[in-house]
Structure formats: structure tokens, C-alpha cells
Colleague: 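Structure in C-alpha cells, see below.
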Amino acid sequence: MAKKKDRAFFICPRWNEVTDAPRIGMSGISTPIRVHEKTLAAINGGRPVARSTLRKALLAARQASGSMFDVDAYIVDQRAAHSR
């Protein structure tokens with residue numbers, strides 16, 4: 001199996017939409033997204049990451065925001081763009 005860096009083809013161009021959603025829980029306290037800082041920086045910077053990593057980050061963002069959205073709709077595979 002290829003190393004994780006070699007499998008990094010997935011980006012989330014709509015990440016700002018996800019993070020700009022209100023993240024206030026029931027108690028009125030802002031809920032942080034529980035993902036490693038390096039991963040958040042890579043996603044926010046538009047750098048490709050592994051699909052599983054991006055999916056976990058989107059799931060964490062969805063839980064932190066309290067809104068429901070289709071996580072897989074936010075994941076874009078860059079390999080399809082390069083092959084055309």
C-alpha cells in the first residue's frame with residue numbers, strides 16, 4: 001500500500017463554508033473542531049490530504065457546528081481534474 005502522502009489527492013474547496021457555520025452549542029459556548037492543527041492548516045490552505053483524513057475533519061466540523069450536511073459532497077478528488 002502506498003504511503004499516506006502518496007495517496008493525498010483530496011481537497012475541500014468549500015472548507016470556509018463549513019468553518020464559518022455557527023459553532024455555538026446548547027450552552028452558548030463555542031465548540032472547537034477537534035482535528036490536529038497541521039491537518040486543519042493543510043485543508044484550509046487547499047493542500048491535498050488523504051480522503052479518510054479529510055472525511056474525519058469534515059465529520060468533526062459537522063459535529064462542532066451542530067448542522068447536518070453531506071460530508072462526501074464537500075470532498076473533491078484532484079485526480080479527476082489532472083487526467084483531463
Colleague: Has Ser65 got a side-chain atom pairing as donor or acceptor with Ala61's backbone, closer than 3.5 angstrom?
Modeller: yes
Colleague: Tell me the salt bridge (Lys or Arg N to Asp or Glu O under 4.0 Å) pairs involving residues 60-76, sequence neighbours left out?
Modeller: Arg51-Asp72, Arg55-Asp72
Colleague: Quick check: is Val76 connected to Val71 through a chain of hydrophobic side chains (ILVMFWY, heavy atoms under 4.5 Å apart)?
Modeller: no
Colleague: Measuring only between side-chain heavy atoms, which start at C-beta, is Phe69 closer than 4.5 Å to Val18?
Modeller: yes
Colleague: To check you understand the geometry: which heavy-atom pair defines the closest contact between Ala64 and Ile33, and what is its length?
Modeller: CB-CG1, 4.1 Å
Colleague: Rounded at 0.5 Å granularity, tell me how far CZ in Arg79 sits from CZ in Phe9.
Modeller: 5.5 Å
Colleague: Which of these, Leu58, Asn44, Ile75, sits in a side chain to side chain contact (heavy atoms under 4.5 Å, CB included) with Cys12?
Modeller: Leu58
Colleague: What distance separates Gln78 CD from Arg47 CZ, expressed to the nearest 0.5 Å?
Modeller: 12.0 Å
Colleague: Got Trp15 and Leu40 here, is their nearest side-chain heavy-atom distance under 4.5 Å?
Modeller: yes
Colleague: Kindly write out the residues that satisfy side-chain hydrogen bond (donor to acceptor under 3.5 Å, both in side chains) with Arg14, not counting sequence neighbours, or none if the list is empty.
Modeller: Glu17, Tyr74
Colleague: Should Ile11 and Val49 count as side-chain neighbours, where that means a heavy-atom distance under 4.5 Å?
Modeller: no
